[in-house]
Each structure stands twice: as structure tokens, then as C-alpha cells.
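Both backbone and side-chain heavy atoms feed into the values below; hydrogens, waters and symmetry mates do not.
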Amino acid sequence: MSSSTLMVAAIDLGTSFSGYAFSTNADFIINPLDVFTSQDWSNEVVSIKCPTCILFDEYKKLKSFGYDAEDDYTDIVMEKRQNEYYFFKNFKMTLYTQKVITNDFIIEDVTGKSMSAKQVFSVSIKFLMDHFLRNLETRGLLGKLVMENNIRWVLTIPTIWSEPAKKFMRTCAVKAGLGENPNIALEPEAASLFCQLSPFCSTPRDVRHDTGPGLKFMIVDIGGGTTDIVVQEKLLDGRLKDLNKPSGDHCGGTCVDNEFMKVVSQILGEDVIYKFKSDYLENYIELQRALVQVKKADPDKNIRMTIPFVALDKICNEHCKKSFFDVLKKSKYKNTVTYLNHTDKLQFSKELFLSLFNTTTSKIVELISQNLENPECKELSMIFLVGGLSESKVVQNTIKKAFPDKTVVIILNSITAVLRGAVIYGHDPNIIASRIVKLSYGISSSQRFDPSKHQERRAGIVDGVKRCRDTFHSLISANTPVVVGEKRSHTFHTIQPFQDIATFRLFSSPHENPVYIDDKDCRHFADFKIDIQNPSKDRIDIDVDFQFGLTELAVTAKQKGTENKSNISIKYK
């Protein structure tokens with residue numbers, strides 16, 4: 001860590017909720033878990049995180065973020081002025097689902113109006129940064145204990161994101177003001193660091209003494225949008241090495257939310273729920289906030305959710321000419337959803353409640369099972385659950401039942417595990433010793449033709465030698481363990497006199513040994529351009545180093561025989 005760094009601050013822009021955490025160097029030395037967060041997000045709600053939603057005015061300038069954005073947008077809708085504003089919610093998932101990510105790609109707000117994704121993300125990050133700096137100033141720390149240039153910034157991102165998505169987030173972080181080179185922390189890895197130090201709860205025994213060298217464990221980060229998994233082993237020096245390549249899928253808290261809202265829509269009717277959302281937005285948001293709590297309910301007890309009954313009853317009378325109670329009694333859920341008179345609560349049957357989790361929990365169990373199939377995981381004994389949805393009793397019980405031979409550990413305040421772990425990572429990024437490469441990376445080449453290996457239709461004569469075109473020359477194979485910072489190198493060369501730019505294409509494949517660059521699942525991954533510093537009529541060789549063990553792909557280049565690095569640009573496809 002730089003001698004000028006006095007504090008680490010981590011920002012987590014989540015799918016459903018966002019926040020930040022921080023600690024000073026002195027705090028970290030005394031107790032690495034002494035990490036501070038903010039709960040000052042709303043005058044009415046006490047929460048370590050705030051909803052990931054942002055409101056822009058008609059000029060695309062920030063108006064508000066989080067709870068304030070929800071409340072402000074509600075007032076705007078009531079005044080019928082929503083066409084003058086841009087309201088984005090749960091927009092982080094676009095970086096997981098978007099096929100092509102460029103600096104200028106756009107996203108749509110809740111009404112379908114478009115804005116630059118880069119602006120939405122960077123302004124959101126900047127809001128969190130500014131909120132943190134105001135927090136420091138209020139505490140009397142900023143300008144006295146630390147200056148802005150004494151802060152090391154860390155931004156969290158999912159492990160399963162693509163390289164273009166990671167690069168996009170870094171670009172947005174820099175634009176937001178997090179310095180020229182903010183640290184990137186992979187979310188389940190960050191959670192792992194917190195888990196190594198945290199006192200555990202909800203386990204059948206005290207497991208604190210089982211977390212020494214040689215321990216093999218899994219971190220299952222069940223967030224708002226995705227479940228993100230890493231499998232690691234603790235080494236003798238206390239550092240961590242990955243045993244599997246990162247994995248995950250779209251199976252987080254919002255998936256369960258959608259199942260709940262399907263039930264509400266089927267009770268009221270899609271037309272009525274649409275009008276409820278547009279005419280009673282404040283109450284609709286109230287209903288969604290109630291979902292956060294009901295997802296944590298114990299299925300062996302009464303499962304009750306507070307609802308905005310007055311608004312629901314009013315809209316049912318307006319559009320169905322019946323009370324909410326009568327609409328519910330006429331629905332297919334009349335025997336599984338009960339309205340409790342004079343309590344503004346619905347009670348769900350256990351069977352219905354559990355069914356709303358089925359698709360999500362099945363995917364999570366499948367992901368865990370796939371990871372456990374690796375021979376390296378034979379002695380894995382512990383599964384740590386972190387993230388917002390890990391607080392669900394249904395999720396906890398399902399995983400414990402599916403893996404009875406594993407110790408399933410539920411961390412206290414698991415929703416903050418990533419944030420607090422990211423601060424720990426910022427203080428000591430070298431704690432991750434090695435990672436597993438997810439994809440095979442290679443370049444196109446013309447190899448000497450091998451009839452036992454190559455297709456005749458791809459053969460051609462080059463300088464009198466029979467060669468096979470479009471072969472995949474591997475720089476590194478999928479599932480290869482690499483020490484953090486480990487390099488793979490390849491030498492490229494100019495093909496024309498006085499050439500001032502060298503270009504090459506990088507290909508990727510999820511398979512370990514692709515033969516051709518157009519094999520199934522193989523794709524054109526990126527284009528690279530390298531500036532030639534001193535063009536010559538003679539051939540110039542360029543040494544290119546690839547680093548695959550970092551949180552992001554890093555590529556550097558220099559002309560052979562010199563120590564000067566060449567400018568290199570990457571355009572992901």
C-alpha cells in the first residue's frame with residue numbers, strides 16, 4: 001500500500017441495494033473487522049444500504065439516489081410529470097445480460113426512455129463517493145485525519161462478469177472520481193476475506209477453530225441479481241488460492257421478488273396491477289419493500305406480509321367493482337393466501353411460500369453441486385452463505401438439506417460481507433495467492449498441417465509448406481491455475497515496411513483445447529492495437545505480456561530490444 005494511503009473506502013453498487021464501507025490503516029492493524037458503514041440513507045428507514053435506483057431531471061442531471069429517488073419519483077408520478085424525468089432501478093443487471101458492452105451503449109429507464117449507461121453508472125458511483133466524503137466531513141475526519149488523496153478506493157464487481165463489463169465499470173469508476181487506478185474487488189472473494197475473520201453464527205458447532213491452513217471452503221454470494229461462487233483453500237501463509245474457476249447465474253433475490261409479484265398480479269389481474277403501479281406508485285414501492293422482509297420469514301411459522309391494504313382495496317373497487325377481500329376470494333389463491341382482517345397483512349400458506357423460491361434455490365443448489373464435482377473439492381467441508389438472499393430461511397434450509405455432509409455457515413450481517421471484505425482486500429490485496437482462468441485465450445495461427453489433427457479443407461501452401469489456417473494458438477487454457485501477476489507472453493511482428501500500428505485478434509473459448517478459432521463456443525474476444533514507436537523498413541518484433549491472474553485481464557507491450565512500453569488499446573467484441 002502506498003505510504004500516502006491512510007484509509008480504504010469500498011463502494012458496492014449492487015443490483016438491489018448499494019452502499020459503502022471504510023476503515024483507516026490504524027483501525028485495520030488493531031482489528032481488521034473494525035469496518036464502518038453508513039446508515040444515513042433516509043429519515044424514515046435505518047439501513048446499511050440503500051436501494052439501487054437513481055433519478056435524473058429533464059436535463060439528465062442527478063436529482064436523487066436511493067430511498068430519496070424512490071420518494072421523489074413517487075411525487076413526480078403523482079403529479080403526472082414522469083415523462084420529464086429518468087428513473088433507473090436495478091440497472092446493474094444490464095452488464096450481465098448485455099451481449100455487447102461499449103462505452104457508448106445505452107439503457108432504458110422504467111418508462112423506456114434512453115440514457116447513456118456510462119452516465120447512469122458513473123453518476124451512481126459518484127453519488128456514493130460524495131455521500132462517503134460528506135460522512136467523513138461530518139465526523140470531522142476529512143481534512144484533518146485524512147485528505148481525499150489519502151484514500152484508496154475499492155469497487156466491487158461480480159466474479160462472473162465478462163472482461164468488457166469489468167472494464168466498463170473501471171471506466172465508470174475513474175469517471176466518477178475514484179482516482180486513475182481504483183482497486184477492483186471480486187465480490188465473493190471479498191466476502192471470503194470477511195468470512196475468514198468474522199465470528200460465525202447459525203452453525204451446529206463453533207467452527208472458528210476450523211479455519212486454519214488447509215481448509216477448503218466455498219463462498220456462495222447470493223445477491224440481488226446473481227449468485228456468485230468461489231471455491232478456495234487457505235494456504236500456510238494465510239493467503240487464499242482458488243480451486244475452481246468462478247461460476248454463477250441469474251438466481252438472486254430479484255428472481256424471488258418476481259415470483260411474489262406474479263402472485264399479486266394473478267390475484268388482481270395484470271391490468272389492475274399496471275394501474276396500481278402507475279396510480280399508486282408510493283404504495284407499490286411500499287409493497288416491494290415489504291418483500292425484502294417476507295423473504296426472510298421462517299416457513300415453519302406463520303408467513304405474513306404487510307400490504308398497503310387501503311390502496312389495494314381502493315383500486316379493486318375502482319377497476320373490479322369489488323373489495324380487495326372479494327377479489328382475493330375469487331382468485332385461484334383463495335386457499336393459499338389469506339387476508340387478516342384489520343391487520344393490513346396477508347398470510348401465505350407454507351406450500352405456496354416455498355414454491356416461490358423453487359426455481360431460484362434449484363439453480364443455486366445446481367451451481368454448488370457442479371463446483372463440488374471437481375476432485376479438488378473432495379475435502380471441502382464448509383459452505384459460507386453471504387449476500388442479501390442468504391438471510392432467507394428457505395434458502396438456508398434448502399442448502400443445508402441438499403448438502404448434509406457440509407457445514408453451512410451463515411455470517412452475521414451477511415448483506416455487508418462483500419462491502420466489509422472489500423475494505424479488507426483494499427488494505428491487503430496480496431492476500432489472494434492464485435486464481436483459476438475461466439476461459440481459454442488464444443490467437444489465430446497457421447500451424448504446420450497435421451493430417452491426424454487438421455481438416456483438409458483448411459489446408460494451404462505457405463512458402464512451400466503445407467499449413468492449416470485458422471487454428472487456435474493457445475496462450476492459456478481454461479481451468480489453468482495462475483499465480484496472481486503471472487504472465488503469458490507472445491511475440492508479434494510487423495508485416496509491412498514502416499508500419500506504425502500492429503493489430504491482432506484475441507479469441508476465447510470455455511473449452512480447454514479448442515482447435516480452430518471458429519470452433520463451437522469459440523468467439524472473437526477482442527481486437528488489440530499497438531503503436532509502433534519507431535517505424536522501420538525492417539521487421540519489428542513486439543513482445544506482448546498477458547496477465548490472467550488479476551481481477552481483470554491486463555495486457556502490456558514493448559518493442560523487442562527496448563524497455564519502453566508501447567501504447568496498446570483494447571476493443572472488446
Side-chain angles (χ1 to χ4, degrees), residues 1-14 17-41 47-50 52 54 62 65-66 92 121-158 166 169-194 197-198 221 223 386 413 415-432 551-552:
M1 183 177 295
S2 169
S3 59
S4 65
T5 300
L6 300 177
M7 176 181 286
V8 171
I11 289 177
D12 178 17
L13 184 67
F17 291 91
S18 297
Y20 59 81
F22 61 98
S23 72
T24 65
N25 293 359
D27 296 329
F28 181 75
I29 292 171
I30 296 171
N31 179 9
L33 288 176
D34 199 3
V35 176
F36 302 95
T37 58
S38 172
Q39 296 186 7
D40 183 26
W41 298 110
S47 173
I48 291 175
K49 290 185 173 183
C50 66
T52 304
I54 187 168
L62 172 67
F65 187 92
K92 183 180 177 181
F121 278 86
S122 60
V123 173
S124 297
I125 295 169
K126 180 170 173 50
F127 171 86
L128 295 168
M129 180 191 75
D130 289 342
H131 195 285
F132 161 67
L133 293 175
R134 288 195 300 272
N135 191 336
L136 283 190
E137 192 171 13
T138 301
R139 292 167 179 254
L141 299 177
L142 188 64
K144 295 181 180 180
L145 178 64
V146 295
M147 306 294 286
E148 282 192 45
N149 59 2
N150 298 138
I151 300 170
R152 166 172 284 184
W153 297 99
V154 181
L155 183 69
T156 67
I157 59 174
K166 293 176 184 178
M169 280 296 282
R170 175 177 289 282
T171 300
C172 292
V174 172
K175 181 177 175 62
L178 300 191
E180 291 301 316
N181 191 32
N183 278 24
I184 298 295
L186 303 176
E187 290 171 2
E189 284 188 355
S192 174
L193 302 183
F194 179 76
L197 301 171
S198 176
D221 179 13
V386 300
N413 298 319
I415 194 172
T416 67
V418 168
L419 255 182
R420 296 176 189 272
V423 173
I424 296 169
Y425 176 79
H427 283 290
D428 185 15
N430 294 323
I431 198 164
I432 304 296
T551 54
E552 306 159 83

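V35 and S23 get closest at one heavy-atom pair: CA-CB, 4.3 Å. The minimum heavy-atom distance between D34 and D27, with the atom names listed, is O-CB, 3.9 Å. The minimum heavy-atom distance linking A21 with V423 is given by the pair O-CG2, 3.4 Å. The two atoms that bring E180 and V174 nearest to each other are O-CG2, 3.8 Å, heavy atoms only. Residue D40 comes nearest to H131 through the heavy atom pair O-NE2, 3.2 Å, listed as atom of the first residue, atom of the second, then distance. The shortest heavy-atom contact between V418 and A191 is CG2-CB, 4.0 Å.
Distance check: L178 CG to K126 NZ gives 9.5 Å after rounding to the nearest 0.5 Å. In this structure, OG1 on T52 lies 5.5 Å from CG on L13, to the nearest 0.5 angstrom. In this structure, the separation between CD1 on I184 and CG on L155 is 4.5 Å, given to the nearest 0.5 Å. Rounding to the nearest 0.5 angstrom, the gap separating the CG atom in D12 from the CD1 atom in I415 is 9.0 Å. Atom-to-atom distance recorded for T156:OG1 and E189:CD is 12.0 Å, nearest 0.5 angstrom. Between the CG atom in L128 and the SG atom in C50 there is a gap of 6.0 Å [rounded to 0.5 Å].
With contacts defined as side-chain heavy-atom distances shorter than 4.5 Å, the pair L141/T24 does not qualify. The shortest distance between side-chain heavy atoms of N183 and V8 does not fall below 4.5 Å.
Of the possible donor and acceptor atoms, one in the side chain of T138 sits under 3.5 Å from a partner among the backbone N and O of R134. Judged by distance alone, the side chain of N150 and the main-chain N or O of S4 form a donor-acceptor pair under 3.5 Å. At distances below 3.5 Å, not a single donor-acceptor pair connects side-chain atoms of T551 with backbone N or O atoms of L186.
For K166, the NZ atom sits in a packed shell: over 12 heavy atoms of surrounding residues, nucleotides or ligands are nearer than 6.0 Å.
The ring-ring contact (aromatic ring centres under 6.0 Å, His included) check on F121 picks up F91, F168, with sequence neighbours excluded.
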- Task: Show your reasoning for whether side chain to side chain contact (heavy atoms under 4.5 Å, CB included) applies to M169 and I125.
- Result: CA-CA 10 Å; M169 280 296 282; I125 295 169; 4.3 Å; yes
- Starting from the C-alpha separation in whole Å, work towards a yes-or-no answer on side chain to side chain contact (heavy atoms under 4.5 Å, CB included) for V123 and F65. CA-CA 10 Å; V123 173; F65 187 92; over 6 Å; no
- Stepwise side chain to side chain contact (heavy atoms under 4.5 Å, CB included) test for T37 and R420: CA-CA 8 Å; T37 58; R420 296 176 189 272; 4.1 Å; yes
- Show your reasoning for whether side chain to side chain contact (heavy atoms under 4.5 Å, CB included) applies to I431 and I424. CA-CA 9 Å; I431 198 164; I424 296 169; 5.5 Å; no
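Partner of Y20 under the ring-ring contact (aromatic ring centres under 6.0 Å, His included) criterion, out of F127, F36, W41: W41 alone.
Relative orientation of the W153 and F132 rings is perpendicular, given thresholds of 30° and 60° on the angle between their planes.
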